[in-house]
Amino acid sequence: MDKTFNPHQHEERIYRMWESGGYLTPQIDISKQPFSIILPLPNANDPMHMGHALFTVQDILARWHRMMGDPTLWLPGGDHAGIETQFVFEKKLTKEGKSRFDFDRETLFRMIAEFVEQNKNVNRDQMKRLGFSLDWTRYHYSLEPEIQKMVLETFIRLHKDGYVYRAERLVNFCTKCGTAFSDLEIKHLERQDPLYYIRYGPFVLATTRPETKFGDTGVAFHPADKRYRKYLGKEIEVMGVNGPFRVTAVADEAIDPEFGTGIEKVTPAHDFLDYEIAKRHGLPFKKAIDFTGRLTSVTGRFAGMKVKAAREAVVAEMQKMNLLERIDENYVHSVAVCYRCGTTIEPMLIPQWYVKTKPLAKAAIDAVKRGSTRIVPLKRFEKMYFEWLENIEDWNISRQIVWGPRIPVWYPVDKNPELEVTFIDKNGAKQNGKISALLENTDKQAFTLSEISQGLQQLRAPLDAEFIVSNTDPGGKYLQETDTFDTWFLSAQWPVNTLKSKPGDFEYFYPTSVLDTLWDILFFWVARMMMLGIYLTGDVPFRTVHIHSRVVDRQGQKMSKSKGNVVNPIEMVDKYGADALRMALIYGAAPGSDIALSEEKIRGMRNFANKLWNIGRFISGSLDQSGISAGDFPFFGDDRKNKLKNPDDKRILSEINKLCAVVTRNLERYRFSDAAQDIYDFTWHRLADEYLEINKERFRDSNPEALPVLLHVFHRILKLLHPFMPFVTEVLWETLPKKYDKPLVLSSWPSGSGKPVKG
RNA sequence: GGGCGCAUAGCUCAGCUGGUAGAGCGUUUCGUUGACAUCGAAAAGGUCUCAGGUUCAAGUCCUGAUGCGCCCACCA
């Protein structure tokens, strides 16, 4: 044996041994209770970060249950990560001087698919390097045909059951990404912007967005505000930069009389509050901004200008016309921005597909209340969960991107003359217009439906458009919806769909045992998996949700590229080995609080792996000196069970038994850190520093009594430690003599209950 | 605006159902050619944020204050 443990000499070979031996693939056995975990599917193209390294928690659970004899499935997957991936791809296009608008959607999809193919296995290979005992024979990619088919079927079923509907509402729209987002996908930023006090008919009112004035259809004040009460219900004439226009005065509780002058201009098509007010008072909607973030034709000479430029132009014009009273330059407010690219969100009125969530949310709440699913370790996450689901709004599942499963809705062109399409014709020129006009055989130019369909970029159907829902091309004169599903709509069904893709799996492994994740996707993913899981199967997708902590640097700062404090897990594995990194992540991580990770800590755990290695080396050396051949090693427990004379031997045996029980108990309670610390302390300070030092000479005896005890204790430590540090323990296990010739990964768990331990 | 969490040794944190403070790293001193310097032995270092309260007894329970962090909602 080498003087130190060198991870790189062993890791790859050991992992291959586990994988090719089929040890990571469970044998379905109806007489046994299975244990199953679905891996939170990482972006298949993203290199691993520390968050992924924390999948160690799941590996500990999986390895522990496997050793306890439970048929154990840990199912891996990779996510196409719709918006993320398309965003990255578009950045690449930009560098090449192109944009998504240069391609029809099918071509664009194909290009992204090829792009993704190049590093599709990045994440997969890295997870193997960390030793994760995933069953790769059951790997699924979120865009594989089988999964996609099931996602479409879910949509069709939801539609049939009346859970899916189309509505034209104000949505969060990113004009750069060209897509709508759910509320969860936007960020709020504090920003200082000018607050303009403008003369507005008989009023002066404060606004940050004078350029939306063209979309105004009302003014609103608080019902109790005496200053404005006399105007209630009246039509007010307002002088604008394009001449006078009329708005209706309404009273609404939502108006804060303290803000500005206590009166607000109502722009229903471009502001969330105004949208609500307009709905309550029946004010009309008038669109002044289009999907590209430019002003529409209703703005006259400002049409085509981008929002920011338009604001400056409008303000300048207002100044000229003496419509601007003053500007408050110190106004600070929070602005919604795209979580992806940081562009200011433009509230936009578009028809979108929605899922009715109230009834689904109720079932998801009830399931946790009645204990069908348990959220550990902390009650506060349960509270967060309830609160979010209780206040949930209907879920907008349409995204205007191409990288994702396309919504299986088809619009008959004959019955929907108002369908607006953007497409690239056979000569490569971009065309846009109403379908009826484009298909018409006029003198100018006519297009065939198949040409439009092939070159299609985007289709916009009016809210009242006729459509059919079908997972196959209905044939004939139809155009398919160009919106794709929100990525989370797909991942919300992940446990069901992945298990259903192999016969027998769903019946055996569903509901899964544990879902382990970070709290930041509790709403995005966990709550939605609960909703769709229960809807699709009638049972919850997992029995326990375990929330693990976030990895931060040693100053407690969140790791981020901009701060430059990111620790790359693979670099650490290269440097110190997978075991060291894994142990460093688990050791000292209290449930629910952040995990402070530093290179020193990882180094410390590398030292521990080495300590362990050297205990093994000592045993091996003692064995040589004792002159016993490995073949007839007198294992403890074979015939000398109650014959021990030495009090040290007796004591260490009773202590290791106790340790087994304590570790098992801590694993049962998801107290991984405690379990790890107990093993660490015992191994280093009790076994090595005391027992082994004091009895050093006794292990070299040719008629040994102590050596079998030592080996027995060490075997147990290897087992207890294997879920945490799988590589070094497996190598030591294969190096030392043992009773049964089975790899450690399949050996039996020492529960410490006094039951006989085999293997 | 609503809600939540944290505050213990220089640093990162344990301390679960209340019984006179613990670990790792760091620091200091000493030791060690046969398991391991990726080591061993020892030492220094804490009015457990503050103020009240409950209790025979409080880092541990309760109330309040201060500081730091987070989540949700929202800002015309």
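Below, read A as the first sequence line, B as the second, and so on, with proteins coming before strands; counting in each chain starts at 1.
Across all strands, A:His270 comes closer than 4.0 Å to no nucleic acid atom at all (heavy-atom distances). Note on A:Glu693: a base of the nucleic acid sits closer than 4.0 angstrom, heavy atoms only. A:Asp256 comes within 4.0 angstrom of a nucleotide base, judged by non-hydrogen atoms across all strands. Counting non-hydrogen atoms under 4.0 angstrom, A:Lys611 reaches a base of the nucleic acid. A:Lys265 comes within 4.0 angstrom of no nucleic acid atom, judged by non-hydrogen atoms across all strands. Residue-level contact check: A:Arg603 touches neither bases nor backbone, having no heavy atom under 4.0 Å from any strand. Residue A:Leu692 is in base contact, counting any heavy-atom pair closer than 4.0 Å across all strands shown. Among the heavy atoms of the strands lying under 4.0 Å from A:Ile255 is at least one base atom, whether or not backbone atoms are also near.
Comparing the same atom, C1', in B:C61 and in B:U17 gives a spacing of 12 Å after rounding to whole Å.
Here B:G15 presents its P atom at 9 Å from CD of A:Gln677, a figure rounded to the nearest Å.
Ring centers of A:Phe672 and A:Phe724: at least 6.0 Å apart, outside the cut-off.
Taking 4.0 angstrom as the limit, A:Arg671 places a side-chain polar atom (N or O) nearer than this to OP1 or OP2 of B:G15.
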Given ring pair (Phe, Tyr, Trp, His ring centres under 6.0 Å), test A:Phe203 with A:Tyr231 step by step and report yes or no.
CA-CA 11 Å; A:Phe203 316 111; A:Tyr231 295 102; 4.7 Å; yes
